[in-house]
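Below you'll find the structure I mean.
Positions are given from 1 along the sequence. On a predicted model such as this, the values are computed, not experimentally measured, just so you know.
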Amino acid sequence: MVSSDRLLAFAAMSFLLIVVPGPSVLFVIGRALAQGRRAALMTVAGNTVGAYVLVLGVALGVGQVVERSVLVFTLLKLAGAAYLVYLGVKAWRERGALRAAFAEETRAAPHGGLRTFREGFVVGVTNPKTIVFFAAVLPQFVDPGAGHATAQMLLLGLVFNLIALTFDSLWGLAAATARTWFARSPRRLSAVGGVGGLTMIGLGVTVAVTGRKD
């Protein structure tokens, strides 16, 4: 398995990458501002599971295909970007109903949480930057002499996702706490819901226009 020094080095690098807000954090913050704490945490959970599916894909060799194929990378990038824009437009259109949604948040039906989890999962599993990162970085920390390279990459991916789960949750909780202050005024709450929607739309556009050019 992975030696302790390699594991610690990978954890340190992962921490440095995760602690700075990136696309997944911005998505969680947008969801927290638009829908609150529960939605933010379910989004984080779904996003984390989606990211680990990418780890599985890399460990099984799919990551190399995406890394080397411009077409596959572009299709995956555009799919993820389109989904982010869709969620952002939806949040923007529903911003006027946020006060009622806030009042009903604690009584939300179970399927609402599952739907939010699923949306977070889709965003996580269609993030092309994540799969390219895993494909490029995970193999660098594998010890060929220790054997079981696939198991080593799965362990490294688990470490990355646990760190991401922790810090993404903290960002989501912080944003949801700020949302509570906005909830004291219907106009402020509507405004913050609009900001959350615009954040997701902007993130989707950014994902669509950035990335590999080769």
Side-chain angles (χ1 to χ4, degrees), residues 1-32 37 40-68 72-73 76-77 79-81 83-84 116-117 119-176 199-200 203-204 206-207 210-212:
M1 295 301 290
V2 185
S3 61
S4 58
D5 58 334
R6 287 174 182 259
L7 191 61
L8 289 175
F10 179 79
M13 185 195 68
S14 298
F15 172 79
L16 293 175
L17 290 173
I18 292 169
V19 73
V20 178
S24 63
V25 171
L26 293 177
F27 176 66
V28 170
I29 290 175
R31 180 53 59 85
R37 179 181 293 107
L41 294 179
M42 291 301 292
T43 299
V44 170
N47 192 278
T48 302
V49 173
Y52 199 72
V53 169
L54 298 184
V55 173
L56 290 172
V58 169
L60 297 175
V62 177
Q64 295 181 6
V65 176
V66 175
E67 187 180 30
R68 297 173 182 174
V72 174
F73 178 90
L76 187 60
K77 179 178 72 171
Y83 193 69
L84 284 169
T116 303
F117 177 91
E119 291 174 346
F121 173 84
V122 171
V123 171
V125 81
T126 57
N127 188 337
K129 295 182 180 179
T130 300
I131 194 169
V132 171
F133 166 78
F134 286 144
V137 174
L138 288 182
Q140 308 304 320
F141 288 86
V142 171
D143 182 2
H148 304 289
T150 298
Q152 290 187 55
M153 284 191 282
L154 292 177
L155 175 60
L156 292 169
L158 180 61
V159 170
F160 181 95
N161 279 280
L162 287 176
I163 297 174
L165 176 65
T166 300
F167 284 93
D168 288 1
S169 296
L170 291 175
W171 277 109
L173 290 174
T199 298
M200 286 185 276
L203 178 58
T206 300
V207 169
T210 59
R212 292 166 51 177

inquiry  = Can you tell me how far apart CG (Leu56) and CE (Met153) are? Round to the nearest 0.5 Å.
reply    = 10.5 Å

message = Students often mix this up, so state it plainly: with edges at 30° and 60°, are the rings of Phe160 and Phe10 parallel, tilted or perpendicular?
response = tilted

query = What are the two closest non-hydrogen atoms of Gly172 and Ala32, and how far apart are they?
reply = O-CB, 3.5 Å

query = From Leu7 CG over to Leu155 CG, what is the distance, rounded to the nearest 0.5 angstrom?
reply = 5.5 Å

message = If the condition is side-chain contact (heavy atoms from CB on, under 4.5 Å), which residues does Leu173 pass it with, not counting sequence neighbours?
response = Arg37, Leu41

query = Ser14 and Ile163: which non-hydrogen atoms are nearest, and at how many Å?
reply = CB-CD1, 4.1 Å

ask   = Can you name the side-chain contact (heavy atoms from CB on, under 4.5 Å) partners of Leu165, sequence neighbours left out?
value = Val44, Thr48, Ser169

Inter-residue atom distance Arg6.CZ - Gln152.CD, 0.5 Å rounding = 7.5 Å

note = Rounded to the nearest 0.5 angstrom, the OG1-CH2 distance for Thr166 and Trp171 is 14.5 Å

note = Here the pair of heavy atoms bringing Leu154 nearest to Tyr52 is O-OH, 2.9 Å

key: Where Ala11 and Val159 come nearest, the two heavy atoms and their spacing   = CB-CG1, 4.0 Å

inquiry  = Quick check on side-chain contact (heavy atoms from CB on, under 4.5 Å): which of Asn47, Val123, Thr43 does Val28 satisfy it with?
reply    = Thr43

message = Keeping Asn161 on the side-chain end and Gly157 on the backbone end, is there a donor-acceptor pair under 3.5 Å?
response = yes

